[in-house]
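Shown next, in structure tokens, is the structure this report addresses.
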Amino acid sequence: RQLANLISYHKHGDKHENKTMQIEMKNLSQKRYDFPMIKISNLKIEGPYNVQLNPLSFKEEQRLNSDTEIREKFRYLHAFNGMKFNVIYTYLFRDFQKDKMKYEDAYRNAMIMFFMSPKFLILNSEPKTLEQKVRYLSYAAHKSAPSHEFHKSYTDLKKRKDALGLGKWLIDHDRFPRFVQAFTYQWLKLGIIEQNQPDTGKYRNYYKDNLADAQRLEAEFYLMNMFRENRPVRELVDSDYSFWNQALENFYTGSYQGQESDDLENFVKRSSKNQQRGGILTMGSFLTATGNGVDPLPLRRASWISDNLLDSPLPSPPDVDVVDFENERSGKTLRERLAVHAENPACHSCHKRLDSLAILMDKFDSIGGYNNHYNPEVVKVNGENINDIEGLKKYLGEYDQPMARAFTRKLISFMMGRDVGVKDEAVLDAILKATEADGYRVGDLYSQIVKYYLF
């Protein structure tokens with residue numbers, strides 16, 4: 001019945017109770033709905049209940065011996081997460097104890113039920129109360145629970161109708177790195193690295209110099225600088241600086257020291273002009289995420305550029321046999337192999353957009369070093385001759401409007417937790433219009449999203 005009511009509400013909105021009543025009146029004793037019902041039989045719920053802990057998980061002197069102390073613990077837990085206090089968990093704790101559950105097991109189970117509750121797990125996408133709005137904003141903008149300071153700053157800036165001031169305050173806050181870390185991981189698809197770890201035999205220095213963490217931190221520091229220094233969006237691909245520790249600088253310059261390095265603290269903003277490593281496209285984290293652990297995947301790199309920088313996502317690839325393309329390596333350049341593959345009519349339209357980008361991005365191996373087999377070739381991108389990665393960066397930097405649109409689209413999706421659809425296009429137009437004069441600066445794009453979606 002609860003499921004039926006939820007579906008009814010989804011279909012009829014606030015009038016769903018009246019609709020149900022009309023159906024009941026019509027059918028008298030039978031309660032029917034104007035949609036298919038679900039019949040569930042032999043229901044058995046298996047959840048995180050009766051969790052057994054090590055007896056040493058609670059020290060005797062740390063035990064809470066009164067309902068008041070338990071209630072205060074849950075009151076704090078609610079307040080910390082920006083939620084109204086609900087005493088039900090105090091009662092649940094007491095009921096667990098009545099079932100002869102040990103103290104620590106009862107307490108842990110009550111906490112598990114709090115963290116598994118819809119009120120904790122689900123954010124209201126259309127918040128109505130001030131508490132709901134603050135909580136939604138905090139998780140959208142910082143990916144963390146709201147603090148008292150957060151609540152106060154939001155209400156103060158809301159009264160002054162200063163949405164852009166709120167955006168700047170959010171970027172300058174010490175919790176903003178949580179946002180940048182999570183966004184970088186999703187935007188650059190760094191999770192793929194865990195699925196395709198670089199080959200230990202082929203890339204020994206990757207592990208010896210702890211490059212995985214160093215490359216990830218480089219991207220995070222770079223994006224953090226973009227937001228906090230409010231840099232123009234074109235610097236996502238073209239700049240003369242980056243953030244390296246010594247191991248990462250050794251890797252990019254080829255001056256290996258031959259010793260293990262775990263120095264992940266001394267990152268410094270350095271000139272990358274000589275190594276041509278400024279921007280996302282030449283960062284090790286991006287290049288490693290677009291490899292398979294053994295070989296680079298230049299078409300994957302090209303596809304990411306098309307989607308995330310040119311605002312031109314590709315359609316789903318057709319079901320085409322690519323065995324010949326993957327196997328025919330000896331004696332053939334990437335361009336020759338791509339040309340043969342693109343002869344298939346089902347593949348031609350996408351390869352027409354991707355092949356030139358892929359040939360340029362094949363300069364780098366599967367962990368971001370230089371490919372030994374790479375030979376510079378002149379390719380045409382929209383009729384323009386480009387012969388190296390620096391030329392590609394300059395070319396992409398001239399298309400800052402689609403780059404800003406694509407980047408803003410990814411930010412909105414990440415902050416709001418949903419895909420960006422047709423209804424967002426008008427807002428995207430307004431955001432780009434407001435930031436165009438200053439070169440679509442990254443901090444301004446973020447603040448405009450706060451203004452239109454979270455203020």
Side-chain angles (χ1 to χ4, degrees), residues 140-143 164-190 214-245 248 252 267-273 275-287 289 304-305 307-311 368 389-390 392-394 396-415 428 431-432 434-451:
H142 277 169
K143 301 302 173 187
L164 300 184
L166 176 60
K168 187 177 186 311
W169 182 88
L170 290 166
I171 291 174
D172 292 338
H173 196 275
D174 58 7
R175 287 190 178 182
F176 191 66
R178 291 172 59 94
F179 176 91
V180 171
Q181 181 182 24
F183 175 71
T184 304
Y185 185 88
Q186 178 172 303
W187 186 52
L188 298 183
K189 304 184 187 305
L190 301 187
Q215 290 176 349
R216 172 182 56 81
L217 287 170
E218 175 194 15
E220 291 173 11
F221 284 131
Y222 191 85
L223 277 177
M224 176 64 72
N225 183 75
M226 291 281 293
F227 280 106
R228 287 193 166 164
E229 296 294 326
N230 202 17
R231 304 303 300 167
V233 73
R234 64 177 176 273
E235 287 190 11
L236 288 175
V237 296
D238 188 19
S239 74
D240 60 359
Y241 67 90
S242 193
F243 293 81
W244 301 337
N245 64 352
L248 205 52
Y252 287 139
F267 273 77
V268 179
K269 185 177 182 180
R270 305 173 191 260
S271 172
S272 61
K273 190 173 183 179
Q275 287 75 41
Q276 300 181 345
R277 289 283 183 167
I280 294 295
L281 298 184
T282 46
M283 285 187 185
S285 56
F286 166 73
L287 296 167
W304 189 93
I305 292 171
D307 183 11
N308 291 273
L309 299 178
L310 295 175
D311 195 33
I389 193 68
E390 285 302 294
L392 176 61
K393 289 181 179 182
K394 299 296 183 189
L396 293 173
E398 294 173 0
Y399 288 83
D400 57 351
Q401 196 273 347
M403 190 186 305
R405 194 178 193 91
F407 187 72
T408 305
R409 192 187 301 276
K410 297 299 180 181
L411 275 176
I412 293 172
S413 178
F414 178 70
M415 294 169 73
L428 275 167
I431 291 174
L432 296 185
T435 57
E436 180 180 11
D438 287 333
Y440 309 109
R441 294 181 178 272
V442 169
D444 292 342
L445 294 173
Y446 175 91
S447 296
Q448 289 288 335
I449 294 173
V450 171
K451 173 184 175 181

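One is the number of the first residue; the rest follow in order along the sequence.
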Exercise for review: Give, for atom CD of Q181 and atom CZ of R178, the distance between the pair rounded to the nearest 0.5 Å.
Suggested key: 8.5 Å
Point to revise | Separation between CG of L170 and CD1 of I449, rounded to the nearest 0.5 Å | key: 12.0 Å
Review point. What distance separates N230 CG from K168 NZ, expressed to the nearest 0.5 Å?
Key: 9.0 Å
Exercise for review: Side-chain contact test, heavy atoms from C-beta onward, threshold under 4.5 Å: evaluate it for R441 versus Y446 and give yes or no.
Suggested key: no
Practice item. Supply the atom-to-atom distance L445 CG to R405 CZ, rounded to the nearest 0.5 angstrom. Key: 12.0 Å
Point to revise | Exceeds 12 heavy-atom contacts within 6.0 angstrom, atom NZ of K273 | key: no
Check your understanding: Can you list the steps and then say if L236 with N308 is a side-chain contact (heavy atoms from CB on, under 4.5 Å)?
Key -> CA-CA 11 Å; L236 288 175; N308 291 273; over 6 Å; no
Exercise for review: May I ask you to check whether Y185 and E220 show a side-chain donor-acceptor distance below 3.5 Å?
Suggested key: no
Check your understanding: Taking all non-hydrogen atoms of both residues, which atom of P177 and which atom of H173 are closest, and how far apart?
Key -> CD-O, 3.9 Å
Review point. Applying the side chain to side chain contact (heavy atoms under 4.5 Å, CB included) test to S242, which of M283, K269, R270 qualifies?
Key: M283
Exercise for review: Quickly, which of Q401, R409, K410 forms a side chain to side chain donor-acceptor pair (under 3.5 Å) with D311? Name it, please.
Suggested key: R409
Review point. Within a strict 4.5 Å, meaning less than it, do heavy atoms of the F227 and V180 side chains meet?
Key: yes
Check your understanding: Do L309 and L281 have side chains that get closer than 4.5 Å, going by heavy atoms?
Key -> yes
Check your understanding: Taking the side chain as C-beta and beyond, is there a heavy-atom pair between P232 and D438 under 4.5 Å?
Key -> no
Revision key, fill the gap. For L188 and S285 the tightest heavy-atom approach is CD1-OG, 4.1 Å
Review point. Does any non-hydrogen side-chain atom of N225 lie less than 4.5 Å from one of E229?
Key: yes
Check your understanding: Is the ring centre of F267 less than 6.0 Å from the ring centre of F243?
Key -> no
Exercise for review: Return yes if a side-chain donor-acceptor contact under 3.5 Å exists between K393 and T282, otherwise no.
Suggested key: yes
Check your understanding: Between F407 and Y440, is the gap from one ring center to the other below 6.0 Å?
Key -> no
Check your understanding: Distance only, no hydrogens: is a donor on one side chain within 3.5 Å (strictly under) of an acceptor on the other, for S272 and Y252?
Key -> no
**Study point:** Sub-4.5 Å side-chain heavy-atom contact between L164 and V450
**Key:** no
Revision key, fill the gap. What one should report as the nearest heavy-atom pair of G284 and E218 is N-OE1, 4.1 Å
**Study point:** Residue pair V237 / G397: nearest heavy atoms and the distance that separates them
**Key:** CG2-N, 4.1 Å
Review point. Do the rings of H142 and F176 sit parallel, tilted or perpendicular, given the 30° and 60° boundaries?
Key: perpendicular
Exercise for review: Check the pair S239 / Y222 against side-chain hydrogen bond (donor to acceptor under 3.5 Å, both in side chains), numbers first and verdict last.
Suggested key: CA-CA 11 Å; S239 74; Y222 191 85; 2.8 Å; yes
**Study point:** Criterion side-chain contact (heavy atoms from CB on, under 4.5 Å) on F221 and V268, from CA distance to verdict
**Key:** CA-CA 9 Å; F221 284 131; V268 179; over 6 Å; no
Point to revise | Least distance between heavy atoms, R228 atom then I171 atom | key: NE-O, 2.9 Å
**Study point:** Gap between atom CG of L217 and atom CG of L248 - 0.5 Å precision
**Key:** 9.5 Å
Exercise for review: Rounded to the nearest 0.5 Å, what's the gap from CD on E235 to CG on D400? Could you check?
Suggested key: 11.5 Å
Practice item. Walk me through it: do M415 and F183 pass the test side-chain contact (heavy atoms from CB on, under 4.5 Å)? Key: CA-CA 9 Å; M415 294 169 73; F183 175 71; over 6 Å; no
Point to revise | Where L396 and M403 come nearest, the two heavy atoms and their spacing | key: O-CE, 3.3 Å
Practice item. Using the ring of F179 (Phe, Tyr or Trp, six-membered ring only), decide whether K143 places NZ or CZ under 6.0 Å from its centre and within 45 degrees of its axis. Key: no
